[in-house]
Amino acid sequence: MRLLLLWLAAFTLTAPALAETTQEIVNKAPNGLAQTPPMGWNSWNRFACSVNEKIIRDAADAMVASGMRDAGYQYVVIDDCWHGPRDANGFITADPQKFPSGIKALADYVHARGLKFGIYSDAGRFTCGGRPGSQGHEYQDALSYARWGVDYLKYDWCNTGDRNAQEAYALMADALRQTGRPIVFSMCEWGTAKPWLWAKNVGNLWRTTGDIWDSFSAKDKAHDWAHPMLENVDSNEPLWPHAGPGHWNDPDMLEVGNGGMTIAEYRSHFSLWAMMAAPLIAGNDIASMDAATRSILLNKEVIAVDQDALGVQGRRVSQAGGQEVWVKPLSGGAKAVLLFNRGDQPATILASADEVGRKKAKVRDLWAHRDLRWSGSLKAIVEPHGVAMFTVTPL
Ligand code: GLA
């Protein structure tokens, strides 16, 4: 108890001193984490507020049993609605009905499976789901997270009133830093304050868009905050110059396996995220996924494009009608090339020698899993809403 009080005193004393200027905090060295885009699973897209400790434990088990952990997925993240009330001293507690064993026990469970553990909060007084937010409790909450063994914080932007985003995110980044525990900081303010322009040393990833909706291109008219997959692609693509090791554009979590798109569309979704060096955070029920979903989330050749050490976000280099060519530079002078057909009819798409590179190369088809003969350019008949994806590695 005395130790805890000392800790607390230290935090209460240091917090005001550390609230230097926002600019000073923004200019601090990055935390060195997420040198490649974070990979993991998050409860929100599939379970929303109906989350509990069994769902999280099952997800951790499934991450191992399915082979996802070995394919690179690492973080198991509880999104909104895990919170109970604050206790008499202002510390956040877990919802006693949904998380009776507490968050520390859950983090231990996840860690025991060789995985990392993430949690969610909000920069306002309340989260989007109406649970207590961290405003005014930043240092205290960061301390709780560190004591529980949290490795990743997603920090949302609901109920923030006229709070300044740069200030609010820099403050929580500083609180996390003060714990001394490495904690990936996932900023979720939907791109409103253009975090790509200022948050390079604040967060490891920042949402560039509103929430993804499990649909290829159809708008959900009832919810203007919900965006079909392609809308998030088009918002995120032009931001490619701002991404790099330790700081990534985040077009939101994956919907692969949630049922609103066809298999071809989910393959496109996953491929486009990999081309954009986006965080690969699965959002389906991984404890009960079918073979098709598994084959997408576990395509190691596509994952390797996302996780390439060069850390350059790919971009669209040409488009004609609904047919697009995307290129992502990879380490060692290689390139990933994506042929994407937005249209409703099969289409022949050609990536020119200029786009592919003129040097003789090894060409690999990442969905057919086979090597192709190099011919200077790349051409494929691409199914409606589908992709063909290749790596081109100069010999
Ligand atoms: C916001 C975020 C979502 C999710 C919900 C939780 O909408 O953008 O990703 O975290 O809040 O309430």
Side-chain angles (χ1 to χ4, degrees), residues 37-52 55-56 59 75-84 92 94-95 98-99 103 117-135 141 145 150 152-161 163 165 168-169 172 183-196 199 203-215 219-220 222-229 231-233 235-236 239 248-258 260 269 273 276 278-286:
M39 292 178 66
W41 173 87
N42 172 297
S43 53
W44 184 256
N45 282 356
R46 173 65 177 75
F47 297 99
C49 249
S50 307
V51 76
N52 60 47
I55 290 174
I56 306 300
Y75 295 94
V76 175
V77 184
I78 324 180
D79 206 277
D80 204 350
C81 303
W82 60 266
H83 323 66
I92 189 70
D95 182 313
K98 294 171 163 189
F99 294 88
I103 302 299
F117 179 70
I119 212 166
Y120 161 101
S121 187
D122 186 288
R125 298 257 172 232
F126 298 97
T127 70
C128 301
R131 305 302 171 111
S134 290
Q135 186 167 4
D141 284 355
Y145 305 153
V150 167
Y152 183 112
L153 174 68
K154 173 175 169 183
Y155 202 48
D156 214 341
W157 191 241
C158 277
N159 306 304
T160 44
R163 251 196 129 171
Y169 280 93
M172 186 46 110
I183 299 177
V184 169
F185 191 30
S186 159
M187 301 173 43
C188 180
E189 62 77 73
W190 320 307
T192 318
K194 299 190 168 58
W196 47 89
N204 299 105
L205 56 159
W206 48 73
R207 283 274 297 276
T208 56
T209 70
D211 289 7
I212 192 168
W213 183 250
D214 186 15
S215 142
K219 188 89 190 145
D220 170 33
H223 303 104
D224 61 359
W225 45 263
H227 306 271
M229 189 268 287
E231 226 170 81
N232 280 10
V233 168
S235 308
N236 195 66
L239 302 175
W248 307 100
N249 291 315
D250 175 9
D252 205 358
M253 304 173 289
L254 297 167
E255 291 283 9
V256 176
N258 279 334
H269 176 15
W273 260 236
M276 295 192 293
L280 296 180
I281 310 289
N284 59 316
D285 182 2
I286 56 174

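One-based numbering, in listed order, for ligands and for the atoms of each.
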[Y] and [X] side chains, donor-acceptor separation under 3.5 Å:
X      : Y      : result
Thr208 : Asn236 : yes
Asp214 : Asn258 : no
Asp80  : Thr127 : yes
Tyr120 : Asp156 : yes
Trp248 : Asn204 : no
Asp141 : Ser134 : yes

- Trp225 touching ligand 1 at heavy-atom level, < 4.0 angstrom: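 Not so, Trp225 does not reach ligand 1.
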Nearest neighbour in protein (non-hydrogen) for [atom]:
atom                    : answer
atom 12 (O) of ligand 1 : Asp80 OD2, 2.8 Å
atom 4 (C) of ligand 1  : Asp79 OD1, 3.4 Å
atom 1 (C) of ligand 1  : Asp156 OD2, 3.0 Å
atom 8 (O) of ligand 1  : Asp211 OD1, 2.5 Å

By number and element, which atoms of ligand 1 are closer than 4.0 Å to a non-hydrogen atom of [X]?
X      : value
Trp190 : 2 (C), 8 (O)
Lys154 : 3 (C), 4 (C), 9 (O), 10 (O)
Arg207 : 8 (O), 9 (O)
Cys128 : 1 (C), 11 (O), 12 (O)

- Message: Geometry only, no angles: is Trp44 polar-contacting ligand 1 at N/O separations under 3.5 Å?
- Response: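 Between Trp44 and ligand 1 (N or O atoms, distance only) the closest approach is not under 3.5 Å.
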- Message: Working note: Arg46 + Glu255, criterion salt bridge (charged side-chain N to carboxylate O under 4.0 Å, His left out); need CA distance, chi angles, decisive distance, verdict.
- Response: CA-CA 8 Å; Arg46 173 65 177 75; Glu255 291 283 9; over 6 Å; no
- Part of Cys188 with heavy atoms under 4.0 Å of ligand 1, whether side chain, backbone, both or neither: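 Contact part for Cys188 vs ligand 1: side chain (C-beta onward).
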- Message: Which label fits Phe47 and Trp41: parallel for a plane angle under 30°, tilted from 30 to 60°, or perpendicular past 60°?
- Response: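 Rings of Phe47 and Trp41: perpendicular, over 60°.
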